[in-house]
S.K.: 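Have a look at the structure that comes next, please.
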Amino acid sequence: MHDLGALQAYALGRANAHSLLPTLPTLSHATELYSTAGLHATQLPPNVSASIIPKHLFTFWSPPDEIPDFPAACIAEFKRLNPEWTVHILHPGIAGLEPPPFQNINADNDGSYASLHHVAQWYGAAALARFGGVWVEPTSIPLRPLESWVEEHRAAVQGWPLGHVANTIDSYALAAPARSALMYRWWSELRLAWKVGVGTYCENLPSDVTVDLRERLPQATWHASFRQSLASGHADAVAYRPTATAPAQPLQWLHRFNFDGARAVDWLFANASSGGATPAELSAAPFLRLRPEDYARVGDLYARAAQGSYLAQRLVNALPPRPPSLSSPPPPSPPPATRAYANLAVGAPKFLSKLIRHVRSARGSPSIEEIGTTPTDAWLRSASPYALPLVKHSGTELATTFPNEVITTFPSPDLNTIPPPPPPLWQFEGSQTTGQEADSPTLLALPTEPAHAV
């Protein structure tokens with residue numbers, strides 16, 4: 001996980017980091033270093049017409065202070081490639097943006113539309129509707145500056161269509177000018193869909209809006225609401241990018257493997273000498289869009305970089321250096337064996353049996369104490385340094401002998417001296433005590449106070 005304050009200072013270009021952005025206040029959450037203390041502080045630059053797209057780059061992650069290596073590297077690389085842009089990490093509850101609306105009690109959302117993915121869509125649309133700028137998903141891998149696909153001086157909402165479906169803009173990346181009437185109308189349609197439920201919303205749209213989206217609904221509510229916004233007379237305020245699977249476009253790398261994510265990710269992050277992606281093959285696209293399932297296949301970014309992946313090395317270089325890992329302390333060294341005592345030791349059972357047989361043949365059966373306290377040189381050489389205690393039993397006493405320690409005697413308890421428990425305070429109601437009251441707890445009652453003569 002990464003601290004966004006460190007990411008910002010590192011991604012701005014090291015030496016001239018503070019000269020590119022205005023001075024930011026000291027804040028409690030490092031995330032706000034990217035969002036300038038919440039979006040209520042975000043303003044349009046002075047003397048800028050509505051036809052210019054402001055240099056605000058919005059993305060989303062929740063929780064914002066626990067961004068894994070891969071999306072953190074993508075965000076840092078976006079900042080490195082676009083030092084004049086202000087990067088904002090959106091998250092639920094961020095100041096300055098309207099949260100998703102409360103849904104009606106009978107809202108039909110198909111049980112899945114309020115996922116974190118759709119929450120991110122809501123905040124992205126809200127930010128573009130209020131401030132203008134560019135929205136990208138946090139797992140998009142930037143390869144070129146934003147100006148490679150964003151027309152800053154064009155008064156149009158810009159993005160890639162959903163496949164080959166006309167009059168749609170996909171949600172992974174789009175740009176919008178400040179005070180865009182189309183963007184604001186689109187956001188209003190999304191608010192209505194959230195309130196009444198996407199199922200109800202899509203069922204009540206005109207048939208010419210949903211004609212080729214019907215099989216994708218209600219998950220394609222994002223596209224249906226965009227089409228409904230176009231119907232209000234803003235069709236001329238849209239600039240569609242080429243099909244995303246075309247050469248030098250964000251999904252061309254997946255289209256190359258017929259959208260087989262496992263093979264595509266392996267190629268994307270493999271060593272070039274092993275048939276992996278080369279800089280020349282990746283340099284034409286403005287960025288690479290990774291679907292959630294593709295992001296899950298990337299795995300450890302540092303391990304990919306160590307294996308020689310060009311793309312992984314590029315992303316790792318955008319991150320601050322990893323802190324040194326705390327190595328576990330070495331195990332304690334065993335104490336050295338001594339000649340004075342080498343009692344029963346680990347690894348010496350075979351020698352013990354030989355020693356017993358030798359002593360028995362010489363002068364009868366020895367005691368266990370004699371075996372444990374009269375070691376020979378062979379015993380000392382073969383014994384493990386980890387000595388085990390000798391345990392002997394004598395009557396009612398338990399004696400435990402450790403090497404170099406005195407015998408500790410524990411007296412056996414006399415169970416006959418333990419006093420019996422006190423008699424209970426309860427008795428059978430209306431009868432004499434029998435000593436068996438605990439067998440029938442439901443019939444018990446506390447004794448009454450004795451009556452006093454008047």
Side-chain angles (χ1 to χ4, degrees), residues 2-25 27 30-61 64 67 71-90 94 96-97 124 127-138 140-159 172-180 183 239 241 250 283-288 314-315 317-320:
H2 291 273
D3 181 301
L4 291 181
L7 288 180
Q8 183 196 43
Y10 195 80
L12 283 179
R14 287 76 169 173
N16 60 345
H18 298 289
S19 64
L20 297 176
L21 289 183
T23 303
L24 298 177
L27 302 165
T31 303
E32 295 180 356
L33 290 173
Y34 269 97
S35 59
T36 53
L39 293 180
H40 60 275
T42 298
Q43 298 178 356
L44 297 179
N47 302 322
V48 175
S49 66
S51 63
I52 296 181
I53 294 180
K55 293 183 180 295
H56 296 307
L57 176 61
F58 299 100
T59 188
F60 180 95
W61 195 268
I67 306 182
C74 292
I75 296 171
E77 183 69 358
F78 265 116
K79 186 60 189 176
R80 188 189 69 82
L81 291 172
N82 305 278
E84 296 182 357
W85 287 67
T86 303
V87 179
H88 303 272
I89 308 295
L90 308 180
I94 187 173
L97 281 184
L128 294 184
R130 180 173 181 184
F131 304 108
V134 174
W135 157 263
V136 292
E137 289 183 345
S140 298
I141 304 176
L143 299 174
R144 302 175 63 192
L146 291 171
E147 288 80 6
S148 62
W149 68 273
V150 176
E151 299 180 63
E152 293 182 87
H153 298 276
R154 186 170 183 178
V157 175
Q158 307 167 35
Y172 56 83
L174 66 150
R179 307 179 185 94
S180 168
M183 194 69 233
R241 302 270 78 84
S283 60
F287 64 91
L288 304 178
R314 174 171 173 167
L315 292 175
N317 289 337
L319 288 172

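What you see is a predicted model; the values in this text were computed from it and never measured.
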S.K.: In Å, rounded to the nearest 0.5 Å, how long is the span from CD of E84 to NZ of K79?
M.R.: 9.0 Å
S.K.: For the residue pair A76 and A318, what are the closest heavy atoms and their distance?
M.R.: CB-O, 3.4 Å
S.K.: Identify the two heavy atoms, one from P177 and one from A156, that lie closest to each other, and give their separation to 0.1 Å.
M.R.: CD-O, 3.3 Å
S.K.: According to side-chain contact (heavy atoms from CB on, under 4.5 Å), who are the partners of A173, at least two apart in sequence or on a separate chain?
M.R.: V136, W149, W160, F287
S.K.: With heavy-atom distances below 4.5 Å as the criterion, would you say the side chains of L174 and M183 are in contact?
M.R.: yes
S.K.: Considering all heavy atoms of both residues, which atom of S148 and which atom of P286 are nearest to each other, and what is their separation?
M.R.: OG-CB, 3.4 Å
S.K.: Roughly how far, to the nearest 0.5 Å, is the CZ atom of F58 from the CG atom of L97?
M.R.: 7.5 Å
S.K.: So, do I89 and T59 sit near enough that their side-chain heavy atoms are less than 4.5 Å apart?
M.R.: yes
S.K.: If you compare all heavy atoms of W85 against all heavy atoms of P54, which two are closest, and at what distance to 0.1 Å?
M.R.: CZ3-O, 3.5 Å
S.K.: Okay, side chain of R144, backbone of A284: is any donor-acceptor separation there less than 3.5 Å?
M.R.: yes
S.K.: Between I141 and C74, what is the shortest heavy-atom contact and its length?
M.R.: CG1-SG, 4.0 Å
S.K.: Going through the distances and angles, do R314 and L143 end up as a side chain to side chain contact (heavy atoms under 4.5 Å, CB included)?
M.R.: CA-CA 10 Å; R314 174 171 173 167; L143 299 174; 4.0 Å; yes
S.K.: With heavy-atom distances below 4.5 Å as the criterion, would you say the side chains of W61 and I75 are in contact?
M.R.: no
S.K.: If you measure from CD on Q158 to CD1 on I53, what distance do you get to the nearest 0.5 Å?
M.R.: 4.0 Å
S.K.: How far apart are the closest heavy atoms of L128 and A176, and which atoms are they?
M.R.: CB-CB, 4.2 Å
